[in-house]
Student: 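There's a structure below that I have some questions on.
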Amino acid sequence: MDRSTTAAATASPSDATPGIPEAGTSVLDGMPRQRGDAVAETAAPRPPASRTRAPARVRPRALRPWRLLPTPAGTPFTFGYAAVLAVVSLTADHAAPSLVHALQQSSSTDVAHLVRHPVLVLLASALWIAGGIASMYAAGFVLVLTALERRIGGLRAAGVFLLGHVVATLATEVPVGLSVVTGHLPGSSLHRLDYGISFGVAASVGALAGLLTPWLRWPVLIGFAAVLVGDLIAFRDPMTDWGHLLSLAVGVSTWPLVRRRHRTGAGGGGHQGDPAVQAARAPGSLVA
């Protein structure tokens, strides 16, 4: 930004030193500076500096659609996880159905597996996409996790995803086990098939909504919740549908954490004065 300074000329024209530009005389940009010019600038009286400095003008960032997709350097967690999910889904599409069913059954987070191998099945169940690689949750995983990781970093994005996955899984399976013990459900319910990334995606949607501007936050949150409520009303899989709503609430509960992390910068240091960060939070941007 061009800055101009003015000063009252205190010396008369006759007192001016030959070869030395007068105070207030501008130097053309791009002209080579001679040694005499440097001496002249040193000898000439400098105008008093302004008490207040105008804030630097930050240009609005151009729209970059490719940032919606994960990259190895920018979003390593989302990129690596998406690659693993793609390999597992493509393998399942070409493998024998009996083998795929056996693998999914052994990865299921049902009550029987949670009692014997809780950590193993919680991790293994998150390697499958219910409906395959072309499902809505596969697209949601890529878009939502990429946006979330770019704002809060890979470790915290993974933590939000895992928190929603674990909490919603336990909250839906523990009541099943208690109902079997009390005789309200048959023993076969202990082995019901339960796997997928949908709980983690729903929690990530809830967390990401807290980083959006209000005009975008509430339509996203209300629209996604309306879809989940519609699935619950359809009553096709009430336990899973309740889990989706619960995981969305888990994501919303992380707003204080993700907002604090977003303010200090995903890289770990403070970036309050970074023009790029300020431009991302400028009025009209998608980031709150």
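Everything quoted here is computed from the prediction, not taken from an experiment.
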Student: How close do T254 and G251 get, counting heavy atoms only, and between which atoms?
Tutor: OG1-O, 2.5 Å
Student: Determine whether a donor-acceptor pair (N or O, by modelled atom type, separation under 3.5 Å) exists between the side chain of S253 and the backbone of V250.
Tutor: yes
Student: Work out which heavy atom in A209 is nearest to a heavy atom in L221; give both atom names and the distance.
Tutor: CB-CD1, 4.0 Å
Student: Are the side chain of T146 and the backbone N or O of L143 linked by a donor-acceptor pair below 3.5 Å?
Tutor: no
Student: Would you tabulate the side-chain donor-acceptor contacts of residues 239-249 under 3.5 Å, counting partners in other chains and residues two or more places apart, or write 'none'?
Tutor:
from	atom 1	to	atom 2	distance (Å)
T240	OG1	D237	OD1	3.4
T240	OG1	D237	OD2	2.7
H244	NE2	S198	OG	2.8
S247	OG	F199	O	3.4
S247	OG	G243	O	3.0
S247	OG	H244	O	2.8

Student: Should we count CG of L155 as having more than 12 external heavy atoms under 6.0 Å?
Tutor: no
Student: Give a yes or no on whether the backbone of D194 and the side-chain of T109 come within a donor-acceptor separation of less than 3.5 Å.
Tutor: yes
Student: What's the verdict on side chain to side chain contact (heavy atoms under 4.5 Å, CB included) for I152 and R259, showing C-alpha distance, side-chain angles and the deciding distance?
Tutor: CA-CA 8 Å; I152 65 173; R259 284 173 172 173; over 6 Å; no
Student: Within a strict 4.5 Å, meaning less than it, do heavy atoms of the V142 and P70 side chains meet?
Tutor: yes
Student: Give a yes or no on whether V252 and V205 share a hydrophobic cluster (residues Ile, Leu, Val, Met, Phe, Trp, Tyr; joining criterion: side-chain heavy atoms under 4.5 Å apart).
Tutor: yes
Student: For S106 and L103, which heavy atoms make the closest approach, and how far apart are they?
Tutor: OG-O, 2.8 Å
Student: Calculate, to the nearest 0.5 Å, the distance between atoms CD1 and CD1 belonging to I197 and I129 respectively.
Tutor: 4.5 Å
Student: Any non-hydrogen side-chain atom of V229 less than 4.5 Å from a side-chain atom of I233?
Tutor: yes
Student: With a 4.5 Å heavy-atom cut-off, do H165 and V201 have their side chains touching?
Tutor: no
Student: Using atom types as modelled and distance alone, determine if a side-chain donor or acceptor of H184 lies under 3.5 Å from a backbone N or O of V180.
Tutor: no
Student: For L232 and L228, what are the C-alpha separation, side-chain angles and deciding distance, and is it a side chain to side chain contact (heavy atoms under 4.5 Å, CB included)?
Tutor: CA-CA 6 Å; L232 182 62; L228 299 182; over 6 Å; no
Student: Provide the closest heavy-atom pair for A207 versus V258 in the form atom of the first, atom of the second, distance.
Tutor: O-CG2, 4.0 Å
Student: So, does R192 use its side chain to make a donor-acceptor pair with the main chain of S188 at under 3.5 Å?
Tutor: no
Student: Is it true that the NZ or CZ of R260 lies under 6.0 Å from the centre of W255's six-membered ring and within 45 degrees of the ring axis?
Tutor: no
Student: So do R217 and L211 actually touch side chain to side chain, heavy atoms under 4.5 Å?
Tutor: no
Student: Just distance, no hydrogens or angles: give the donor-acceptor pairs under 3.5 Å from side chains in residues 111-122, sequence neighbours left out.
Tutor:
from	atom 1	to	atom 2	distance (Å)
H113	ND1	S108	O	3.4
H113	ND1	D110	OD1	2.8
H113	ND1	D110	OD2	3.1

Student: Do the side chains of Y195 and L193 get nearer than 4.5 Å, heavy atoms only?
Tutor: yes
Student: Just how far is it from atom OG of S179 to atom CG of L185, taken to the nearest 0.5 Å?
Tutor: 4.5 Å
Student: Please report the closest heavy-atom contact between L190 and G177, naming both atoms and the distance.
Tutor: CD2-CA, 4.2 Å
Student: So which heavy atom on S189 is nearest to which on V176, and how close?
Tutor: O-CG1, 3.7 Å
Student: For residues 76-88, run the donor-acceptor check on the side chains, cut-off 3.5 Å, and write out each pair with its distance to 0.1 Å, sequence neighbours left out.
Tutor:
from	atom 1	to	atom 2	distance (Å)
T78	OG1	L145	O	3.3
T78	OG1	E149	OE1	2.6
Y81	OH	A126	O	2.5

Student: Identify whether L69 and L208 are in the same connected component of the hydrophobic contact network (ILVMFWY, side-chain heavy atoms under 4.5 Å).
Tutor: yes
Student: Kindly determine whether T71 and R150 satisfy side chain to side chain contact (heavy atoms under 4.5 Å, CB included), including the steps that lead there.
Tutor: CA-CA 10 Å; T71 59; R150 288 192 186 279; 3.9 Å; yes
